[in-house]
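Labels below follow one simple rule: chain letters A, B, ... track the order of the sequence lines, proteins then strands, and each chain is numbered from 1. Predicted, not measured: the structure shown is a model, and the values here were computed from it.
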Number of protein chains: 2
Amino acid sequence: MENKSISDIIEAYLKEILGDSAQVEIRRSEIANQFDVVPSQINYVIKTRFTIQNGYLVKSKRGGGGYIRIERVNLLDDVNVLNSLIQAIGDSVRERDAFDIVRTLYEEDVVTRREGDLMLVALSKQALAVNDGKIEDQLRARILVSFLNRLRYES
Amino acid sequence: MENKSISDIIEAYLKEILGDSAQVEIRRSEIANQFDVVPSQINYVIKTRFTIQNGYLVKSKRGGGGYIRIERVNLLDDVNVLNSLIQAIGDSVRERDAFDIVRTLYEEDVVTRREGDLMLVALSKQALAVNDGKIEDQLRARILVSFLNRLRYES
DNA sequence: GCTCTTTTGACTAATCTTGACCATTATTTT
DNA sequence: AAAATAATGGTCAAGATTAGTCAAAAGAGC
């Protein structure tokens with residue numbers, strides 16, 4: 001299990017310093033220095049691992065005193081978060097993004113492991129594969145939004 | 001039985017390092033090197049010997065820090081029910097029939113009420129509506145069969 | 001020989017790493 | 001003020017590093 005990429009390690013570090021707090025603020029260059037990578041790698045880590053699909057909101061500011069703030073959010077609890085999630089889905093969503101969302105729901109205890117797994121198979125490429133990849137993503141978006149609405153209004 | 005192919009040997013090795021653990025993570029190129037075969041042979045071994053029918057789930061990631069993860073799962077004993085349902089579904093199923101099947105699963109205690117509801121959402125006309133009704137029924141069949149296959153095991 | 005399985009490798013796809021160049025904000029100088 | 005400079009973070013594309021696919025060639029079992 002020591003096959004982790006440096007991006008994985010940075011991800012773990014950021015999640016660790018986030019801990020139980022609602023948010024954490026970092027300096028890009030500091031983290032980059034700490035792990036001896038170029039600064040833009042921090043952007044890569046954030047862009048691939050701290051998305052709204054993963055349950056995170058990220059804000060930043062440039063210039064002197066600049067920062068990157070990572071905030072952990074609950075997908076269904078907050079109307080604004082749910083709205084931006086649904087907006088991010090739009091009318092088309094790739095398998096990867098859909099999977100991230102379901103995993104986030106599971107980690108937030110919104111769904112059980114088994115429920116999450118059932119959602120995953122319905123959203124999988126395997127189940128939805130149709131000649132046209134565009135239509136596949138559209139179908140996936142409709143199913144996923146249906147799931148979200150169902151979960152939202154049920155309990 | 002003395003004529004073991006290299007694939008058999010690799011299979012045995014993977015099962016050995018899996019041991020009692022729930023899962024194991026390998027690097028394709030490492031194993032390939034270790035047994036002096038081309039990397040794609042590892043894919044062959046996995047595809048032919050670590051299938052879900054045999055009780056294994058496989059996940060992988062490419063790129064730096066990439067891996068192949070093999071996980072062992074417990075197969076359940078509702079297999080007969082599931083098999084006959086899958087047979088009955090074939091490659092096309094109408095909404096009404098799909099709903100009946102989900103209700104059966106619920107009544108047979110194969111799924112919880114909530115799990116059944118989530119399945120219904122994904123099988124609904126609303127979620128799957130496509131211009132072509134024939135394709136819609138085929139999609140529904142694939143999703144429903146995927147559900148049933150997922151219910152074969154627990155992880 | 002014929003068929004099924006195994007082995008191989010060329011080509012493809014996904015993910016990670018790096019660096020050059022760009023944009024924004026704060027601070028200092030004029 | 002306005003302009004220059006410093007101090008941040010952002011974007012994007014090329015290259016590196018994995019794994020996946022597919023079909024042809026080779027081998028094994030009848």
Side-chain angles (χ1 to χ4, degrees), chain A residues 1-14 23-54 56-71 93-100 103 124-126 129 133 136-137, chain B residues 1-14 23-54 56-71:
Chain A
M1 306 283 206
E2 70 296 320
N3 313 16
K4 299 216 183 272
S5 67
I6 186 69
S7 287
D8 290 335
I9 295 169
I10 294 171
E11 171 192 5
Y13 173 74
L14 293 178
Q23 60 176 50
V24 67
E25 238 177 64
I26 61 169
R27 223 163 249 245
R28 188 178 77 152
S29 55
E30 256 178 29
I31 307 290
N33 254 310
Q34 194 169 329
F35 291 95
D36 196 31
V37 297
V38 295
S40 62
Q41 179 137 16
I42 309 307
N43 295 86
Y44 175 74
V45 171
I46 286 173
K47 196 169 157 193
T48 54
R49 291 148 159 91
F50 292 88
T51 65
I52 181 64
Q53 289 88 346
N54 288 320
Y56 297 92
L57 286 182
V58 178
K59 278 191 175 181
S60 66
K61 199 169 84 168
R62 308 187 191 189
Y67 59 81
I68 299 178
R69 178 187 313 156
I70 301 175
E71 183 185 0
V93 65
R94 291 169 309 162
E95 186 185 52
R96 161 88 190 256
D97 291 325
F99 280 19
D100 281 346
R103 189 165 40 75
S124 70
K125 240 186 163 44
Q126 166 147 31
E136 174 191 325
D137 288 349
Chain B
M1 304 291 191
E2 290 303 312
N3 298 334
K4 292 200 189 259
S5 67
I6 185 68
S7 287
D8 289 335
I9 295 170
I10 293 171
E11 172 191 6
Y13 172 75
L14 292 177
Q23 60 175 47
V24 68
E25 233 176 70
I26 61 169
R27 282 191 164 209
R28 189 178 75 152
S29 57
E30 258 178 26
I31 307 291
N33 254 309
Q34 195 169 328
F35 291 94
D36 197 30
V37 298
V38 295
S40 61
Q41 179 136 15
I42 309 306
N43 296 89
Y44 176 73
V45 172
I46 285 174
K47 197 168 160 192
T48 55
R49 291 148 161 91
F50 292 87
T51 64
I52 183 57
Q53 287 84 0
N54 291 324
Y56 296 94
L57 285 183
V58 178
K59 219 178 114 184
S60 66
K61 197 166 88 169
R62 308 184 192 188
Y67 58 80
I68 298 178
R69 177 184 310 152
I70 301 175
E71 181 186 2

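Residue-to-nucleotide proximity on DNA chain D shows that, of B:G64 and A:R28, the 5′-proximal contact is made by A:R28. Nucleotides of DNA chain C nearest to A:R62 and B:D8 differ in position, and the one nearer the 5' end is that of B:D8. The residue among A:G65 and A:T48 whose nearest nucleotide of DNA chain C lies closer to the 5′ end is A:T48.
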Would you please test B:I10 and B:Q34 for side chain to side chain contact (heavy atoms under 4.5 Å, CB included) and show each step?
-> CA-CA 10 Å; B:I10 293 171; B:Q34 195 169 328; over 6 Å; no

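Taking 4.0 angstrom as the limit, B:K61 places a side-chain polar atom (N or O) nearer than this to OP1 or OP2 of C:dC16. Taking side-chain N and O atoms only, B:S5 has no distance below 4.0 Å to OP1 or OP2 of D:dA28. Look at A:Q41 and you won't find any side-chain N or O under 4.0 angstrom from OP1 or OP2 of C:dC16.
The distance from atom CD of A:E11 to atom C1' of C:dC16 is 13 Å, rounded to the nearest whole Å. Rounded to a whole Å, the CD1 atom of A:I68 is 10 Å from the P atom of D:dT11. One atom, CD1 of B:I6, and another, P of D:dG27, lie 15 Å apart when rounded to the nearest Å. Regarding A:I42, its CD1 atom lies at a distance of 11 Å from the P atom of C:dT18, rounded to whole Å. In this structure, the OH atom of B:Y44 is 18 Å from the P atom of D:dA25, given to the nearest Å. A straight line from CZ of A:F50 to C1' of D:dG10 spans 18 Å, rounded to a whole angstrom. Separating the NZ atom of B:K47 from the C1' atom of C:dT7 is a distance of 14 Å, rounded to the nearest angstrom. In this structure, the CZ atom of A:R27 is 13 Å from the C1' atom of D:dA6, given to the nearest Å.
Contact annotation for A:R96: backbone-only contact, meaning every heavy-atom pair under 4.0 Å involves sugar-phosphate atoms and none involves a base. Among the protein residues, A:R49 comes within range of the sugar-phosphate backbone only, with heavy atoms under 4.0 Å from sugar or phosphate atoms but none that close to a base. Heavy atoms of A:S40 sit under 4.0 angstrom from at least one base atom.
Other residues, nucleotides and ligands contribute more than 12 heavy atoms inside 6.0 Å of the CZ atom of B:R69. Residue A:Q126 places its CD atom among 12 or fewer non-hydrogen atoms of other residues, nucleotides or ligands, all under 6.0 Å distant.
The side chain of A:S60 lies closest to D:dG10 when the candidates are D:dG10, C:dT17, C:dG19.
The distance from the CD atom of A:E95 to the CG atom of A:D137 is 9.5 Å, given to the nearest 0.5 Å.
Shown here for B:S7 and B:Q41, the closest heavy-atom pair between the two residues is OG-NE2, 2.9 Å.
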